[in-house]
Structures are given as structure tokens and as C-alpha cells.
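Quick notes on the structure that follows.
Quick note: residue numbers are just sequence positions, from 1.
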Amino acid sequence: MSEALDWNAKNIAEFRANEGRVGGVFEGAPLVLVHHRGRKSGQDHVSPMMYLPHDTDPDVVYVFASKGGAPTNPDWYRNLIAAGEGAVERGTETYRVTVRELVDAERDRIYAEQARRYPGFAEYARQTAGVRVLPVLELRRA
């Protein structure tokens, strides 16, 4: 198992054992497990990631394809965009979601709020400036 997959597996197990809470780098941060199907392989995957809740709609969360500031988008992003749907584990609840990519001012506003709350996201944007715009996805309960 690769180091990244092992890290994900540990976070997933801790999330599920503690009703959606984990320690380490995610301690105290809002975390979801996003279920997605490989667009090429057809295999099911689960990826832990931080999210930003919508201001007023409890059925919407935003996730950020930062990939830790890497120059390429994460596979989970490409899988969700290709499928247009997935599922989310949030706390102890699992539900289906639709996927919409935010663009332009809407994307910029949501990303800026995430970066304000979690400065690591501002650093990811700095690392990818001129290489790629970090995608923001809206996951809405189906």
C-alpha cells in the first residue's frame, strides 16, 4: 500500500470510529469522506478531505481540489466531475450528492473563505499560482 493510501486508510478508520472526528493534521477541522468511482477503473474509492459548510443550506458542502499545492488536480476531482455525483460521509451520516464545479467570482469567494479559515489553503494557492486554479466543488445532498 502506498504511503498516501495508508495515510487515507488511517484517517478513514479514525473518522468512522469517532463519529466523524479525527486527530493529527485534521484535528478540529470539518472533515468528510467523499465516495467516488474511478472514471477509468470503475473502482469505488473513498477520500478524506476538509470541507466548508454552506452559510445557510445544511445540504451543501464545498470541497477543494488542492492536492496539497501539487501542480495537478487530484484523481478524486476528475472522478467526481466525470460522474456528476458521489456520496459523502459527514459525521455518522452517509448520503448521495450531486456535484457542481464553482467558477469565477463564486469560486473565488468560497475559496477565499476557506483560505481565511485555514491558511494552509492560501499557501496551496500560492504554490499553484500560474500553474492551475484550485477547483472548488459544491456537493449537494441528492
Checklist line | Modelled atom types, side-chain donor and acceptor of Asn73 and Arg78, under 3.5 Å | finding: no

Next item on the list: Give the minimum heavy-atom separation between Gly68 and Gln127, together with the two atoms involved.
Entry: O-OE1, 3.3 Å

Next item on the list: Taking the side chain as every heavy atom from C-beta outward, state whether Phe64 and Leu134 have any atom pair closer than 4.5 Å.
Entry: no

Check: Looking at residues at least two apart in the chain, or sitting in another chain, which of them share a ring pair (Phe, Tyr, Trp, His ring centres under 6.0 Å) with Phe26?
Finding: Trp7

Next item on the list: Report the residue from Val88, Asp57, Val99 that forms a side-chain contact (heavy atoms from CB on, under 4.5 Å) with Arg140.
Entry: Asp57

Next item on the list: Evaluate the side-chain proximity of Arg132 to Lys67: yes if any heavy-atom separation is below 4.5 Å, no if none is.
Entry: yes

Check: Are any of the side-chain nitrogens in Arg116 or Glu113 under 4.0 Å away from the carboxylate oxygens of its partner?
Finding: yes

Item checked: Side-chain heavy-atom pair Pro53, Arg90 within 4.5 angstrom cut-off -> yes

Check: Any side-chain heavy atom of His54 within less than 4.5 Å of one from Thr56?
Finding: yes

Margin query: Pair Arg141, Glu93 - check side-chain contact (heavy atoms from CB on, under 4.5 Å), show working.
Written below: CA-CA 11 Å; Arg141 186 185 298 261; Glu93 184 179 17; 2.9 Å; yes

Next item on the list: Can you measure from CZ (Arg107) to CG (Leu137) and round to the nearest 0.5 angstrom?
Entry: 11.0 Å

Item checked: Derivation of the side-chain contact (heavy atoms from CB on, under 4.5 Å) call for Ile110 and Glu138 -> CA-CA 10 Å; Ile110 297 300; Glu138 175 191 270; over 6 Å; no

Next item on the list: Could you walk me through whether Tyr62 and Gln114 pass side-chain contact (heavy atoms from CB on, under 4.5 Å), step by step?
Entry: CA-CA 9 Å; Tyr62 302 105; Gln114 181 72 353; over 6 Å; no

Check: Can you tell me if CD on Glu19 sees more than 12 non-hydrogen neighbours from other groups inside 6.0 Å?
Finding: no

Notebook entry, point to check: Do Ile12 and Leu31 sit in the same hydrophobic cluster, where Ile, Leu, Val, Met, Phe, Trp and Tyr count as joined when their side-chain heavy atoms come under 4.5 Å apart?
Noted result: yes

Item checked: Approximate separation, where rounding is to 0.5 Å, of Met49 CE and Asn8 CG -> 8.5 Å

Check: Considering all heavy atoms of both residues, which atom of Val22 and which atom of Asn11 are nearest to each other, and what is their separation?
Finding: CG1-O, 3.6 Å

Check: Hey, does Val34 have a side-chain heavy atom less than 4.5 Å from the side chain of Val97?
Finding: no

Next item on the list: Return yes if some donor-acceptor pair links the side-chain N/O of Glu101 with the main-chain N/O of Ile81 below 3.5 Å, else return no.
Entry: no

Check: Should Phe121 and Leu52 count as side-chain neighbours, where that means a heavy-atom distance under 4.5 Å?
Finding: no

Next item on the list: Find out whether Asp75 and His45 are in side-chain contact, i.e. whether some heavy atom of one side chain is under 4.5 Å from a heavy atom of the other.
Entry: no

Margin query: Contact between Tyr111 and Tyr124 at the side-chain level, heavy atoms closer than 4.5 Å - yes or no?
Written below: yes

